[in-house]
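Note sheet for the following structure.
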Amino acid sequence: MVFDDKRGLQIALDQAKKYSEGGIPIGSCIITPTGEVLGQGHNMRIQKRSAILHGEMSALEDAGRLPGKAYKDCTIYTTLSPCNMCTGAILLYGIKRVVMGENVNFYGGEKLLEQNGVEVINLDDDECKELMAKFIKERPEDWNEDIGE
């Protein structure tokens, strides 16, 4: 069974929309080849006063403690190109496929992922782009902090 990438991105986008809780609108989920959601989450750096809870890290945290092999055939969906920290986690756990909503508002570690044999797909989703652009315009200080500036 092949999981529908648009459906996976929609799960991540639904997570991103939880930024109304006071966070940053980046969501993610990890899906097995059979369509099981291992974990999902959204950027909670502000809410949890965390240095690392980006959307992808939040999805990994939600998945809980699993053996590394649990991730090997999975796809991680994210509304935005993964930063270097999240790229490192993707590589660490051997996730072989990344599907992102967009990379216009931020271009992360895509080349590093590809150099390490990870399939990277950009769906170039208008809703993801608009949501992130709106946030960056309204809260530039929070955005700059999130990307380490």
Side-chain angles (χ1 to χ4, degrees), residues 2-33 35-64 66 71 74-149:
V2 176
F3 189 78
D4 178 22
D5 286 340
K6 289 186 180 182
R7 197 167 128 225
L9 183 62
Q10 188 60 56
I11 295 169
L13 188 54
D14 290 345
Q15 284 291 316
K17 290 176 181 176
K18 292 183 177 184
Y19 86 101
S20 60
E21 300 172 354
I24 297 170
I26 303 168
S28 182
C29 64
I30 304 163
I31 309 286
T32 69
E36 176 190 358
V37 178
L38 282 186
Q40 58 187 315
H42 57 285
N43 186 306
M44 293 190 289
R45 286 188 67 250
I46 294 171
Q47 300 94 309
K48 300 274 185 166
R49 299 184 44 79
S50 169
I52 62 167
L53 276 180
H54 283 188
E56 300 90 337
M57 303 299 273
S58 181
L60 284 163
E61 180 74 13
D62 184 59
L66 298 172
Y71 302 102
C74 292
T75 297
I76 190 164
Y77 293 87
T78 178
T79 55
L80 187 65
S81 179
C83 73
N84 288 335
M85 175 179 66
C86 296
T87 292
I90 291 164
L91 294 173
L92 176 70
Y93 288 105
I95 297 171
K96 296 293 183 205
R97 193 163 180 270
V98 175
V99 176
M100 72 186 83
E102 64 111 343
N103 65 1
V104 172
N105 288 295
F106 179 78
Y107 187 92
E110 295 170 45
K111 285 188 177 27
L112 181 59
L113 289 167
E114 290 169 343
Q115 289 168 353
N116 283 276
V118 177
E119 179 184 8
V120 177
I121 297 168
N122 181 2
L123 296 181
D124 196 33
D125 183 83
D126 288 336
E127 189 173 5
C128 289
K129 287 188 278 192
E130 290 165 12
L131 183 65
M132 199 69 234
K134 179 179 184 279
F135 176 83
I136 291 169
K137 183 179 178 185
E138 291 175 355
R139 294 175 48 195
E141 299 85 16
D142 288 335
W143 170 241
N144 288 333
E145 176 189 319
D146 196 63
I147 58 173
E149 291 186 6

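- Remark: D14 pairs with Q10 by the side-chain contact (heavy atoms from CB on, under 4.5 Å) rule, at least two apart or across chains.
- With sequence neighbours excluded, the residues forming a salt bridge (Lys or Arg N to Asp or Glu O under 4.0 Å) with D142 are R139, listed by chain and number.
- A donor-acceptor pair under 3.5 Å is absent between the side-chain atoms of T32 and the main chain of C74, judged by distance alone.
- Although no hydrogens or angles enter the test, the distance criterion places no donor-acceptor pair under 3.5 Å between the side chain of D62 and the main chain of S58.
- Every residue meeting the side-chain hydrogen bond (donor to acceptor under 3.5 Å, both in side chains) condition with E21, not counting sequence neighbours, appears here in chain and number order: H42.
- Contact between C86 and M57 at its shortest, heavy atoms only, is SG-CG, 3.8 Å.
- For the salt bridge (Lys or Arg N to Asp or Glu O under 4.0 Å) condition, no pair includes a residue of residues 102-117, sequence neighbours left out.
- From E130, atom CD reaches atom CG of N105 across 10.0 Å, with rounding to the nearest 0.5 Å.
- Although no hydrogens or angles enter the test, the distance criterion places a donor-acceptor pair under 3.5 Å between the side chain of T79 and the main chain of G27.
- Panel note: side chain N43, backbone P25; no donor-acceptor pair is recorded below 3.5 Å.
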Stepwise side chain to side chain contact (heavy atoms under 4.5 Å, CB included) test for Y19 and L131
CA-CA 10 Å; Y19 86 101; L131 183 65; 3.6 Å; yes
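- Between the CD1 atom in I31 and the OH atom in Y77 there is a gap of 6.5 Å [rounded to 0.5 Å].
- Residues T75 and I121 are not in side-chain contact: their nearest non-hydrogen atoms beyond the backbone lie 4.5 Å or more apart.
- Annotation: salt bridge (Lys or Arg N to Asp or Glu O under 4.0 Å) contacts of K96 (sequence neighbours excluded): none.
- Open room surrounds CD on E61; 12 or fewer heavy atoms of other groups in view lie less than 6.0 Å from it.
- Remark: N144 engages no residue in a side-chain hydrogen bond (donor to acceptor under 3.5 Å, both in side chains) (not counting sequence neighbours).
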Steps toward side chain to side chain contact (heavy atoms under 4.5 Å, CB included) verdict (L123, V99)
CA-CA 7 Å; L123 296 181; V99 176; 3.6 Å; yes
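- From R7, atom CZ reaches atom SG of C29 across 9.5 Å, with rounding to the nearest 0.5 Å.
- Note that the CD1 atom of I90 and the CD1 atom of I76 stand 4.5 Å from one another [nearest 0.5 Å].
- For the pair D125 and K6, the salt-bridge criterion is not met [side-chain N within less than 4.0 Å of a carboxylate O].
- Residues meeting the side-chain contact (heavy atoms from CB on, under 4.5 Å) test with I52, sequence neighbours left out: S50, M85.
- For T78, the side-chain hydrogen bond (donor to acceptor under 3.5 Å, both in side chains) criterion is met by E56, not counting sequence neighbours.
- Between the side chain of S81 and the backbone N or O of G108, at least one donor-acceptor pair lies under 3.5 Å.
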Under the side chain to side chain contact (heavy atoms under 4.5 Å, CB included) rule, what do Y71 and L60 come out as? Steps first, then yes or no, please.
CA-CA 10 Å; Y71 302 102; L60 284 163; 3.7 Å; yes
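- Between C83 and H54, the shortest heavy-atom contact is SG-ND1, 3.2 Å.
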Evaluate the side chain to side chain contact (heavy atoms under 4.5 Å, CB included) criterion for residues C128 and L80: first the C-alpha distance (whole Å), next the side-chain angles of each, then the deciding distance (0.1 Å), finally the verdict.
CA-CA 7 Å; C128 289; L80 187 65; over 6 Å; no
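- Around the OH atom of Y93, the shell of radius 6.0 Å holds no more than 12 heavy atoms that belong to other residues, nucleotides or ligands.
- Take E119 and apply the salt bridge (Lys or Arg N to Asp or Glu O under 4.0 Å) test, not counting sequence neighbours, and it matches R97.
- From S28, atom OG reaches atom CG of L9 across 10.0 Å, with rounding to the nearest 0.5 Å.
- A search for salt bridge (Lys or Arg N to Asp or Glu O under 4.0 Å) contacts involving K17 returns E127, not counting sequence neighbours.
- Closest approach of M44 and Q47 over heavy atoms only: CA-OE1, 3.2 Å.
- The heavy-atom pair separating G109 from N84 by the smallest distance is CA-OD1, 3.9 Å.
- The list of salt bridge (Lys or Arg N to Asp or Glu O under 4.0 Å) pairs with a residue in residues 43-53, not counting sequence neighbours, reads R45-E145, R45-D146.
- In this view, T87 satisfies the side-chain hydrogen bond (donor to acceptor under 3.5 Å, both in side chains) rule with no residue, not counting sequence neighbours.
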